[in-house]
Amino acid sequence: MESNGSRESRGNPWLFLVSLLLATVNVLLVVGIWHAAQRHFEADPRDEMELPAVVAKVNGKPILRSELLAAAQLAPLVEVGDDLLRQTLQNLIESEAVSSSVSLIDRPKNLTELTAHQFANSRDFQHALQVADLAPGDLADRLYRWQNALRGLNPPVPQPTETQLRAYYDEHRASFILPEAVEATQFASIFAPRFSAENRAATEARFKEAQEKLKNGTPFADLIETLSDDPARKVTQGNLGWFQHSRMTAPEIPETAFGTPVGQVSAPIKTRYGFHLLEITGYHPARELAFEDARSELVARVTDEIRREKIREIIQQTVAQSKIEIFSDRLR
C-alpha cells in the first residue's frame, strides 16, 4: 500500500541536452546509442539518407552519420526528416562541445565496480550490459566521460530575490492550488493474488475478528498492533499520512476515505490487496497555498529556472568557442 503526503512533487522539465548530460541514471541509453552507432558505422558504411559518413566534427572529434540517425530515431512519434536531424545534430554538437571543454577528473580505479552498484542487483547490471552490447569496462568509461561533462554544467546559482519569487508566484498561482486531502491510519488484512481460496477465507475471518473487537471497544491502534498483517505496519504503525484522490494504487481507499468524517472509522473496504478499515484523523478541502506557505517550493522552482538559464548560457558560450564543422548542407 502507498503512504504519501498531500502534495505531489513538482518540477520543470530539463532541456533535451541537459537531460542527456545530467541524467546519469539513464546513461545506458546514451551509451547504447553511441556503441550501436560505432558498430553500425564499421559494419555498414553505406550512404544512408544521402548523408556523409561523418556528418560533423567538434574540435576535431567526429559525429558519425549512424550516431546521428540512432539519436534521431529516439524522438517519439516524430518522422525522421531534415528538421529533426538538424535539431538532433545540434544537440550532439552541444553535448560534445561541453564534454570536450571540461578538464578530466581522476578516474576512480574501481569505476567499473561503482557503475555496477548503480543497479539494484548484478542480474539487472548484466541484463543492461547485454541489451546495450557493452562490456562492464566500456560502460564505466562512457559514464566517466559523462560525469566529466556534468562538472561543466554545474554553475553556482545565486539565491532568488524576493522580487523573483513574487513574480513567479503571481504567474503560476494555479499550480499552488492543493486538492482536498485526508489523513488516515489503516488496519489491514492482506492477501496476495497467489493465495489460495483457503488463505483468502482465513484473511477475511481475521478481518471480521478485528471488526468484532472494534465494536466491543478495542482501540483502533490496538487492532493495528495485534491483528493487522500489513507488511508495512512495523514501519508505519498503520499511518497512511495525508493523501489525495489520485495518490493511491487502490482507488477504493480514497473513495471510502473521503466519505468518512474525521474521527470515525470507515466502512469495510475490499481491494485487490485485501480488507481494510481506516480511521480518518484529518481533512482539508482544496485550497490555494499562500505565498509564505509556498516559499520553500518557490525557492526550489526559481532556483531551478535560474540554473537552467545559466546552463543554456554555458552551452552557447562553449559552442561559440569550439571549432564546429558540418559536412552536409542539409544539416546546416
Side-chain angles (χ1 to χ4, degrees), residues 10-102 131-134 142-143 145-155 301 304-332:
R10 303 183 183 94
N12 295 312
W14 290 89
L15 298 170
F16 173 84
L17 173 66
V18 180
S19 296
L20 186 66
L21 291 171
L22 299 184
T24 54
V25 294
N26 292 325
V27 71
L28 275 176
L29 181 63
V30 178
V31 174
I33 295 170
W34 169 77
H35 189 71
Q38 295 281 31
R39 289 188 294 104
H40 177 68
F41 172 63
E42 294 170 359
D44 188 7
R46 294 175 300 171
D47 186 16
E48 297 178 54
M49 300 186 68
E50 300 180 351
L51 295 174
V54 176
V55 294
K57 286 186 178 180
V58 180
N59 298 324
K61 181 173 178 57
I63 295 177
L64 305 179
R65 171 186 61 218
S66 51
E67 182 179 4
L68 171 65
L69 295 177
Q73 289 168 3
L74 288 175
L77 304 178
V78 177
E79 183 178 353
V80 178
D82 285 359
D83 288 344
L84 178 59
L85 288 174
R86 280 191 289 268
Q87 182 59 57
T88 303
L89 179 60
Q90 182 63 28
N91 291 334
L92 292 174
I93 287 172
E94 292 176 350
S95 173
E96 185 54 48
V98 172
S99 181
S100 63
S101 70
V102 180
V131 170
D133 193 17
L134 286 173
R142 193 60 173 171
L143 179 58
R145 179 182 174 190
W146 288 110
Q147 287 173 333
N148 275 287
L150 174 63
R151 294 176 60 244
L153 291 177
N154 188 25
R301 290 198 199 183
D304 182 59
E305 283 200 345
I306 296 172
R307 178 179 291 107
R308 288 189 293 117
E309 181 58 33
K310 285 185 171 292
I311 287 173
R312 173 47 55 186
E313 291 174 2
I314 291 172
I315 292 171
Q316 292 173 342
Q317 292 170 4
T318 303
V319 171
Q321 296 167 2
S322 300
K323 182 181 179 181
I324 309 297
E325 302 170 90
I326 299 176
F327 304 118
S328 171
D329 291 337
R330 291 172 58 191
L331 300 177
R332 288 191 176 93

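Here the structure is a predicted model, which means the values were calculated and not measured. Note that the numbering runs from 1 along the sequence shown for the chain. Computation of the quantities below employed the complete heavy-atom set of this structure, encompassing side-chain atoms and omitting hydrogens, waters and symmetry-equivalent molecules.
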Reference residue Ile306; test side chain to side chain contact (heavy atoms under 4.5 Å, CB included); the match among Glu309, Arg308, Lys310: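 With Ile306 as partner, side chain to side chain contact (heavy atoms under 4.5 Å, CB included) holds for just one option, Lys310.
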Candidate list Val55, Val54, Leu92, test side chain to side chain contact (heavy atoms under 4.5 Å, CB included), partner Leu64, passing option: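 Option passing the side chain to side chain contact (heavy atoms under 4.5 Å, CB included) with Leu64: Val54.
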Does a side chain donor of either Asp83 or Gln87 reach within less than 3.5 Å of an acceptor in the other side chain? no
Backbone N/O of Leu51 and side chain of Arg65: donor-acceptor pair under 3.5 Å: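 Judged by distance alone, yes, a pair lies under 3.5 Å.
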Asp82 side chain to Arg330 main-chain N or O, any donor-acceptor pair under 3.5 Å?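 Checked: no pair found.
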For the pair Arg312 and Glu94, find out whether any cationic side-chain nitrogen is under 4.0 Å from an anionic carboxylate oxygen. yes
Once you round to the nearest 0.5 Å, how far does [atom1] of [X] lie from [atom2] of [Y]?
X	Y	atom1	atom2	result
Gln316	Ile311	CD	CD1	12.0 Å
Arg86	Asn91	CZ	CG	13.5 Å
Leu85	Gln90	CG	CD	13.5 Å

Determine whether Ile93 and Ile326 make a side-chain contact, defined as any pair of heavy atoms from C-beta on separated by less than 4.5 Å.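 In short, these two side chains touch, coming nearer than 4.5 Å.
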Any chance you could lay out the side-chain contact (heavy atoms from CB on, under 4.5 Å) test for Leu331 and Leu68, step after step, and finish with the verdict? CA-CA 11 Å; Leu331 300 177; Leu68 171 65; 3.9 Å; yes
Closest heavy-atom pair and its distance - Phe327, Pro52: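 Phe327 and Pro52 have their closest heavy atoms at O-CG, 3.5 Å.
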For Ala97 and Val319, which heavy atoms make the closest approach, and how far apart are they? CB-CG2, 4.1 Å
